[in-house]
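A quick write-up on the structure given underneath.
Naming convention: chains lettered A, B, ... in sequence-line order (proteins, then strands); numbering from 1 in each chain. Note that the structure is a prediction, hence the values are computed from the model and not measured. As a basis for the values below, the full set of heavy atoms in this structure was taken, side chains included, without hydrogen atoms, waters or symmetry mates.
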Amino acid sequence: MSDEQARSLPGTEDRMPDQWGHWRALHEAAVRQFELYGYGELQTPIIEETRLFVKGTGESTEIVEKQMYCLDTGEGQSIALRPEGTPPAVRAYLERNLHKQHPFQKFWYAGPMFRRERPQKGRLRQFHQIGVEAIGSVSPLLDAETLLLATDIYREAGLKQWRVCLNSIGCERCRPGYREELRRRLSTRREELCEDCRRRLKRNVLRVLDCKMEDCRAVVAELPEVSDYLCNECREHHGAVKRVLTEHDVQYEEDSRLVRGLDYYTRTVYEIKHPALGARDTICGGGRYDGLVEELGGPPTPCVGFAMGVEASLLAMEADLGPATDSGGPPAVFIVSFEEAARERCFDLLEALRAAGVPADMDFEGRSAKAQMRLANRVGSAYCFLIGERELSAGQVLIRQMAGGEQWTVPWQEAPREAARLLRGDP
RNA sequence: GUGACCAUAGCUCAACUGGUCAGAGCACCAGACUGUGGCUCUGGGGGUUGCGGGUUCGACUCCCGCUGGUCACCCCA
């Protein structure tokens, strides 16, 4: 590739026509389940005020600290490419005063997100999420519903294996106590922790639980579990979520070390992981965020939701279902002209076929009849409609069935209807 | 932000330890009864071996720099 040619940016990718198979399957499964579950589509802009994420996602999160694409509008305003979908959804909710009219809302969204990270397998700078937000209810039934919804989507999309990890990280009432306890226990063993964890000790102790370093894990193993510190309400809530999940046959693993990277999570947190993905195996993450709406200037409003990583989910689908495929089918009919002079008449017929609802195509490169046939064969068309001087003067179309090689003629005017009939499989 | 590995035709790769190779398969194009695909056969186009230096009589092969890519850590979907 020459140097002056423009290239795609690192961490961004093109999705070519033959790579849409799994994507479409996932998206269609999701849309169908969203309808079944009563979630309405919400589309928000890709750009937002930077402060929405600073307040919403959390000032001290990695995402906001160093991964956001921010730009100055030149009018003294800082805007950001959205790094995630939840704060914009809540912003839209508040901006329309839905909390006053119809406080309970269920939204779904799908679209690109942006984070300035080092790209690697399953992680891009422009990536895509499909997610839901159920805003305005504290019911544990909804925690379960979002998880059931996510697994139903994966099931319908054809995914075969996954596991659900579940935890409760408490609320703003009980978490401080746990956090305090962690800080106290950890500071006595500060020397054994990695550099990052020493930093986390001050900034965000909970993340120490998630550290992958061997030495840290050893220390973490001896720490009390968050479940011992939950307040009665949180304990009850968590119990209800688990009861409903069990009732509805969701296999889950309790993982007392599961914490999430975003500040706004409370109580229920969960991840769906796929075994074929290695270290970075989360394909969907979610949970409850009862404090976010208030943080963004609204009234206290409990919420729960999830975000699926589309690219990660696609990798999981490839592992379970094989490589990505073409999304659409081939043109059912391929028109072949024997002479260059017949080409425009071929195009007339082509348009007539399409008008009759028959997927059809022809050659536009002036190839020989033989090459046109080869092309028809390669793209997998079921029939060729062959046209030359003889057919034109007789007012006929020569039809060839590619599979068997049988040929017959039909009157020109009948051709579109004949094609439609052949595709339906009528005798 | 840290680290490792990689870079030859459109794709996947080969070229003994630097010494007639710049090659193979697939793909593509064209022929094999000048109105017809698949299979087979034949032929063809296509690479200044990522870029720039250096060592050497000689570099795809060794050294340095740059660029690009991949993967892992970090973090997260």
Are any of [X]'s side-chain N or O atoms less than 4.0 Å away from OP1 or OP2 of [N]?
| X | N | answer |
| --- | --- | --- |
| A/R378 | B/rC28 | yes |
| A/K370 | B/rU36 | no |
| A/Q120 | B/rA72 | yes |

Quick test of your reading of the model: are [X] and [Y] salt-bridged, counting only N-O distances below 4.0 Å?
| X | Y | value |
| --- | --- | --- |
| A/R32 | A/E28 | no |
| A/E117 | A/R125 | no |
| A/E180 | A/R183 | yes |
| A/E391 | A/R345 | no |

d([atom1], [X]; [atom2], [N]) in whole Å:
| X | N | atom1 | atom2 | result |
| --- | --- | --- | --- | --- |
| A/K273 | B/rA77 | NZ | C1' | 12 Å |
| A/Q401 | B/rG37 | CD | C1' | 14 Å |
| A/M362 | B/rU36 | CE | C1' | 16 Å |
| A/D14 | B/rG69 | CG | P | 13 Å |
| A/D363 | B/rG37 | CG | P | 15 Å |
| A/D361 | B/rG37 | CG | C1' | 16 Å |
| A/R7 | B/rU70 | CZ | P | 12 Å |
| A/F53 | B/rA77 | CZ | P | 14 Å |

Please give the nucleotide sitting opposite [N] as a Watson-Crick or G-U wobble pair, both distances under 3.5 Å, or none.
| N | value |
| --- | --- |
| B/rA7 | B/rU67 |
| B/rC62 | B/rG54 |
| B/rC73 | B/rG1 |
| B/rA24 | B/rU12 |

message = Once you apply a heavy-atom cut-off of 4.0 Å, does A/R400 come out as touching a base, just sugar-phosphate, or nothing?
response =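 Since a base atom lies under 4.0 Å of A/R400, the category is base.
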message = Regarding A/L398, tell me which of base, sugar-phosphate or nothing describes its non-hydrogen contacts under 4.0 Å with the strands shown.
response =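 A/L398: base contact, heavy atoms under 4.0 Å.
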key: P gap between B/rA9 and B/rC66, integer Å   =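 So the two P atoms sit 24 Å from each other.
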Give a yes or no on whether a donor-acceptor pair under 3.5 Å exists between the nucleobase atoms of [N], that is its base, and the side chain of [X].
| X | N | value |
| --- | --- | --- |
| A/Q372 | B/rU36 | no |
| A/N377 | B/rG38 | no |
| A/R118 | B/rU2 | yes |
| A/R115 | B/rA77 | yes |

inquiry  = What's the closest nucleotide to the side chain of A/L386 if the choices are B/rU36, B/rA77, B/rG69?
reply    =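 Ranking B/rU36, B/rA77, B/rG69 by closest atom to the A/L386 side chain puts B/rU36 first.
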message = Near RNA chain B, counting only heavy atoms under 4.0 Å, which residues of residues 334-342 of chain A show up?
response =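 Correct list: A/F338.
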query = What is the minimum heavy-atom distance between A/C174 and A/C234, and which atoms define it?
reply =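 Minimum heavy-atom contact is SG-SG, 3.7 Å.
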